[in-house]
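The structure appears right after this line, and notes come after that.
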Amino acid sequence: MTSVADQQPLADSVAQATHPYYPRDAPLPHYVASQLNMNESLATVGGAVVAIGLVSLVLISRARTALTTKDKLVVVWMLVCAGIHIVLEGYFSFNHATLAGKQTVLADLWREYAHSDSRYLTSDPFTVIMEGITAVFDGAFALVTAYGVLADSPIRYAAQLITSLAQLYGDVIYMATNYMEGFRYTNPHPLYFYGYFVMMNLPWIVIPTLLIVDAVKNIYRGMLIAQRATAVKKSS
């Protein structure tokens with residue numbers, strides 16, 4: 001006969017699994033269900049991105065000089081990143097301890113994404129520190145980069161390099177830590193693993209890599225021109 005003591009761990013496990021996240025025994029005693037469903041959450045994020053894109057277009061139309069297509073895309077990308085870093089990730093950084101139980105739109109968005117990584121609901125130390133740095137550092141430098149493009153400022157490529165390196169480094173470390181633990185924090189359903197965890201993070205690997213190469217090329221070109229000008233000046 002099974003004793004009460006033997007049954008207690010099972011009871012505790014069932015009590016802990018009153019949420020839809022992985023691992024199933026993740027301690028979320030303050031969890032409450034979201035008010036927004038999946039479609040509403042995705043539509044909210046999409047609408048915010050479109051709104052930032054429209055603001056970007058207005059700013060581009062007022063740029064100091066005519067921008068190339070590449071520069072326009074950089075402005076849109078950096079402003080979208082700034083919005084995500086400062087608003088969404090900033091909200092997480094300030095509310096991580098109570099996020100699973102908060103009834104706000106931003107908390108609903110995090111609860112939806114947490115299907116792909118429950119560390120966002122358990123105050124995981126690495127995730128909290130990483131997102132705090134991203135919100136303050138990456139968000140600020142993304143704004144500086146956008147300003148640099150719009151104002152045709154010499155700071156543009158330095159800020160672009162710093163922002164993109166920080167984004168790439170943070171995203172690789174973030175995804176790698178989940179990989180090293182066997183993706184135990186991710187719901188194995190293809191929607192959440194591939195659609196959320198992989199596809200929602202892939203842009204912050206691919207695009208920063210391209211922008212790092214672009215920044216290095218332009219900084220190298222600028223330094224080469226400066227060196228040649230200095231050599232000509234010295235020889236005259």
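Here the structure is a predicted model, which is why all the values come from computation and not from measurement.
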[X] vs [Y] side-chain heavy atoms within contact, under 4.5 Å:
| X | Y | value |
| --- | --- | --- |
| Thr145 | Ile155 | no |
| Leu224 | Tyr220 | yes |
| Ile60 | Val76 | yes |
| Val87 | Leu106 | yes |
| Arg119 | Thr177 | yes |
| Ile84 | Trp204 | yes |

Task: Contact list for residues 29-75, test ring pair (Phe, Tyr, Trp, His ring centres under 6.0 Å), sequence neighbours left out - done: Tyr21-Tyr31

Sequence neighbours left out, cut at 3.5 Å: what donor-acceptor pairs do the side chains of residues 189-196 make with other protein atoms?
residue : atom : partner : partner atom : Å
His189  : ND1  : Leu191  : N            : 3.0
Tyr196  : OH   : Glu112  : OE2          : 2.6

Is there a continuous path of hydrophobic side-chain contacts, each under 4.5 Å between heavy atoms, that joins [X] to [Y]?
| X | Y | result |
| --- | --- | --- |
| Phe197 | Leu109 | yes |
| Val80 | Ile86 | yes |
| Tyr120 | Met38 | yes |
| Tyr147 | Val75 | no |

- [ ] Spell out, as yes or no, whether a donor-acceptor pair under 3.5 Å connects the side chain of Trp110 to the backbone of Leu88.
- [x] yes

Task: Tyr91/Thr104 under side chain to side chain donor-acceptor pair (under 3.5 Å): CA gap, chis, key distance, verdict - done: CA-CA 11 Å; Tyr91 181 86; Thr104 66; 2.7 Å; yes

- [ ] Rounded to the nearest 0.5 Å, what's the gap from CG on Leu211 to OG1 on Thr163? Could you check?
- [x] 9.0 Å

Can you list every salt bridge (Lys or Arg N to Asp or Glu O under 4.0 Å) pair that touches [range], not counting sequence neighbours?
| range | answer |
| --- | --- |
| residues 79-108 | Asp108-Arg111 |
| residues 64-73 | Lys70-Asp214, Asp71-Arg156 |
| residues 26-53 | none |

Side chains of residues 164-176: which donor-acceptor pairs under 3.5 Å do they make with residues two or more places apart or in other chains?
residue : atom : partner : partner atom : Å
Ser164  : OG   : Gln160  : O            : 2.9
Gln167  : NE2  : His85   : NE2          : 3.1
Tyr174  : OH   : Tyr113  : OH           : 2.8
Tyr174  : OH   : Asp117  : OD2          : 2.8

Test of understanding: with side-chain contact (heavy atoms from CB on, under 4.5 Å), list the residues that count as partners of [X], not counting sequence neighbours.
| X | answer |
| --- | --- |
| Leu202 | Met199, Val206 |
| Ile225 | Arg221 |
| Thr65 | Leu67, Asp152 |
| Val216 | Leu161, Ile212 |

Task: Cluster companions of Ile129 among Ile, Leu, Val, Met, Phe, Trp, Tyr (side-chain spacing under 4.5 Å) - done: Ile133, Phe137, Phe141, Ile162

Task: Residues in side-chain hydrogen bond (donor to acceptor under 3.5 Å, both in side chains) contact with Thr186, at least two apart in sequence or another chain - done: Asn178

